[in-house]
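Only this structure's heavy atoms are used, side chains among them; waters, hydrogens and symmetry mates stay out.
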Amino acid sequence: MAILPNITTCEQLTFFLSTEKNAYTNFINKCRKRLIPLSVTEFHHILPLHAKGPNKKWNLIQLSIYEHQMAHQFLYDVYKNTEDLCALRFRKKMNSGSL
(Lines give C-alpha, C1' and ligand atoms only; values in the text may rest on other atoms or scores of the structure.)
Protein backbone atom coordinates (compact mmCIF):
# COMPACT_ATOMS: atom_id res chain seq x y z
CA MET A 1 0.00 0.00 0.00
CA ALA A 2 1.37 3.40 -0.97
CA ILE A 3 1.43 6.17 1.62
CA LEU A 4 0.80 9.84 0.94
CA PRO A 5 3.70 12.01 2.11
CA ASN A 6 3.41 14.82 4.63
CA ILE A 7 3.53 17.86 2.34
CA THR A 8 3.42 21.41 3.68
CA THR A 9 4.31 23.65 0.72
CA CYS A 10 3.20 24.19 -2.85
CA GLU A 11 6.71 23.35 -4.05
CA GLN A 12 6.64 20.00 -2.25
CA LEU A 13 3.24 19.23 -3.78
CA THR A 14 4.49 20.10 -7.27
CA PHE A 15 7.52 17.84 -6.78
CA PHE A 16 5.34 15.01 -5.47
CA LEU A 17 2.95 15.28 -8.41
CA SER A 18 5.85 15.30 -10.88
CA THR A 19 7.62 12.27 -9.40
CA GLU A 20 4.84 10.02 -8.09
CA LYS A 21 3.56 8.11 -11.10
CA ASN A 22 0.23 6.42 -10.41
CA ALA A 23 -3.36 6.65 -11.59
CA TYR A 24 -4.24 9.34 -9.03
CA THR A 25 -1.29 11.69 -9.66
CA ASN A 26 -1.63 11.23 -13.43
CA PHE A 27 -5.32 12.18 -13.18
CA ILE A 28 -4.62 15.24 -11.00
CA ASN A 29 -1.83 16.41 -13.32
CA LYS A 30 -4.15 16.11 -16.31
CA CYS A 31 -6.84 18.15 -14.53
CA ARG A 32 -4.32 20.80 -13.43
CA LYS A 33 -3.39 21.41 -17.08
CA ARG A 34 -6.99 22.02 -18.15
CA LEU A 35 -7.28 25.32 -20.00
CA ILE A 36 -11.05 25.51 -20.34
CA PRO A 37 -12.87 26.51 -17.14
CA LEU A 38 -15.68 24.23 -16.06
CA SER A 39 -19.14 25.67 -15.49
CA VAL A 40 -20.04 23.46 -12.50
CA THR A 41 -17.15 22.59 -10.24
CA GLU A 42 -16.31 21.36 -6.79
CA PHE A 43 -13.10 21.77 -4.86
CA HIS A 44 -11.03 18.68 -4.11
CA HIS A 45 -8.09 18.47 -1.70
CA ILE A 46 -5.24 16.96 -3.73
CA LEU A 47 -3.69 15.69 -0.51
CA PRO A 48 -6.72 14.73 1.59
CA LEU A 49 -7.24 16.33 4.98
CA HIS A 50 -7.30 12.86 6.57
CA ALA A 51 -3.75 12.34 5.23
CA LYS A 52 -2.66 15.62 6.85
CA GLY A 53 -3.02 17.51 3.59
CA PRO A 54 -3.22 21.22 4.31
CA ASN A 55 -6.39 23.22 3.83
CA LYS A 56 -4.53 25.71 1.61
CA LYS A 57 -5.39 27.11 -1.81
CA TRP A 58 -2.43 25.37 -3.44
CA ASN A 59 -3.75 22.00 -2.25
CA LEU A 60 -7.14 22.51 -3.92
CA ILE A 61 -8.19 21.76 -7.47
CA GLN A 62 -11.48 22.51 -9.20
CA LEU A 63 -13.02 19.39 -10.67
CA SER A 64 -16.30 18.60 -12.35
CA ILE A 65 -18.72 16.56 -10.26
CA TYR A 66 -17.78 13.42 -12.19
CA GLU A 67 -14.03 14.16 -11.97
CA HIS A 68 -14.38 14.65 -8.21
CA GLN A 69 -15.88 11.17 -7.91
CA MET A 70 -13.12 9.78 -10.13
CA ALA A 71 -10.45 11.46 -7.96
CA HIS A 72 -11.76 9.66 -4.87
CA GLN A 73 -11.90 6.39 -6.81
CA PHE A 74 -8.25 6.78 -7.87
CA LEU A 75 -7.24 7.78 -4.32
CA TYR A 76 -8.81 4.63 -2.92
CA ASP A 77 -7.46 2.38 -5.70
CA VAL A 78 -3.89 3.61 -5.17
CA TYR A 79 -3.67 4.29 -1.42
CA LYS A 80 -6.39 1.94 -0.03
CA ASN A 81 -7.47 4.32 2.75
CA THR A 82 -10.93 3.59 4.13
CA GLU A 83 -11.67 7.32 4.47
CA ASP A 84 -11.25 7.63 0.70
CA LEU A 85 -13.63 4.70 0.22
CA CYS A 86 -16.21 6.45 2.43
CA ALA A 87 -15.80 9.68 0.44
CA LEU A 88 -16.20 7.74 -2.80
CA ARG A 89 -19.38 6.03 -1.60
CA PHE A 90 -20.79 9.37 -0.42
CA ARG A 91 -20.03 11.01 -3.78
CA LYS A 92 -21.64 8.13 -5.68
CA LYS A 93 -24.81 8.41 -3.59
CA MET A 94 -24.85 12.19 -3.93
CA ASN A 95 -24.36 12.01 -7.70
CA SER A 96 -27.10 9.44 -8.12
CA GLY A 97 -29.56 11.62 -6.21
CA SER A 98 -30.19 8.96 -3.57
CA LEU A 99 -29.26 11.11 -0.57
Side-chain angles (χ1 to χ4, degrees):
M1 173 171 60
I3 297 173
L4 285 163
N6 184 14
I7 292 176
T8 58
T9 68
C10 183
E11 292 77 18
Q12 290 173 337
L13 177 61
T14 300
F15 179 76
F16 168 73
L17 290 173
S18 68
T19 58
E20 182 82 3
K21 302 296 181 195
N22 61 49
Y24 178 67
T25 56
N26 292 340
F27 174 75
I28 293 298
N29 282 323
K30 178 182 164 192
C31 291
R32 288 177 86 198
K33 293 176 184 171
R34 182 188 305 114
L35 298 176
I36 301 169
L38 301 170
S39 58
V40 178
T41 61
E42 299 176 340
F43 284 101
H44 171 71
H45 287 90
I46 299 169
L47 298 167
L49 296 176
H50 69 74
K52 298 189 171 114
N55 196 18
K56 302 279 186 182
K57 185 176 181 178
W58 54 262
N59 189 38
L60 294 171
I61 186 169
Q62 283 185 280
L63 301 175
S64 71
I65 293 167
Y66 178 69
E67 288 172 334
H68 198 176
Q69 181 177 318
M70 287 175 53
H72 284 285
Q73 180 71 60
F74 286 131
L75 265 172
Y76 179 70
D77 290 347
V78 173
Y79 299 103
K80 303 293 188 221
N81 187 296
T82 55
E83 290 173 348
D84 295 318
L85 181 59
C86 290
L88 173 62
R89 288 178 177 163
F90 173 78
R91 300 225 53 81
K92 283 184 175 182
K93 279 188 175 187
M94 192 170 88
N95 294 344
S96 71
S98 61
L99 277 181

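The shortest heavy-atom contact between F15 and S18 is O-OG, 2.9 Å. Contact detail for N59 and G53: the closest heavy-atom pair is ND2-C, 3.9 Å. Here the closest non-hydrogen pair linking P48 and L75 is CG-CD1, 3.8 Å.
Among pairs with a residue in residues 4-17, none fulfils salt bridge (Lys or Arg N to Asp or Glu O under 4.0 Å), at least two apart in sequence or across chains. Listed by first and then second residue, the ring pair (Phe, Tyr, Trp, His ring centres under 6.0 Å) pairs that reach into residues 26-56 are F27-F74, H44-H68, H44-H72, sequence neighbours excluded. For residues 34-61, every residue pair satisfying the salt bridge (Lys or Arg N to Asp or Glu O under 4.0 Å) rule, not counting sequence neighbours, is listed here: R34-E67, E42-R91. A salt bridge (Lys or Arg N to Asp or Glu O under 4.0 Å) check over residues 70-79, counting only residues at least two apart or in different chains, returns nothing.
Interatomic distance, Y79 OH to I3 CD1, rounded to the nearest 0.5 Å: 10.5 Å.
A donor-acceptor pair is defined here as one N or O able to donate and one able to accept, closer than 3.5 Å; such a pair exists between the side chain of Y24 and the backbone of I46. Between the side chain of N26 and the backbone N or O of N22 there is at least one donor-acceptor pair closer than 3.5 Å. Using a distance-only test at 3.5 Å, with no hydrogens or angles considered, no donor-acceptor pair links the side chain of S64 to the main chain of T41.
A cation-pi contact, defined as under 6.0 Å to the ring centre and within 45° of the axis, links K80 to Y76.
For the side-chain contact (heavy atoms from CB on, under 4.5 Å) test, residues two or more places apart in sequence or in another chain that qualify with R32 are T14, L17, I28, N29, I61. Contacts of Q12 classified as side-chain contact (heavy atoms from CB on, under 4.5 Å), with partners at least two apart in sequence or in another chain: I7, T8, T9.
Under the 4.5 Å side-chain criterion, counting only non-hydrogen atoms from C-beta, Y66 is not in contact with N95.
Side-chain contacts under 4.5 Å among hydrophobic residues (ILVMFWY), followed directly or transitively, place L49 with no other residue at all.
If you chain together hydrophobic residues whose side chains sit under 4.5 Å apart, L60 and I65 never meet in one group. A continuous path of Ile, Leu, Val, Met, Phe, Trp and Tyr side chains, each step under 4.5 Å between heavy atoms, connects L47 with M70, placing both in one hydrophobic cluster.
Counting non-hydrogen atoms of other residues, nucleotides and ligands closer than 6.0 Å to NZ of K33 gives a total of 12 or fewer.
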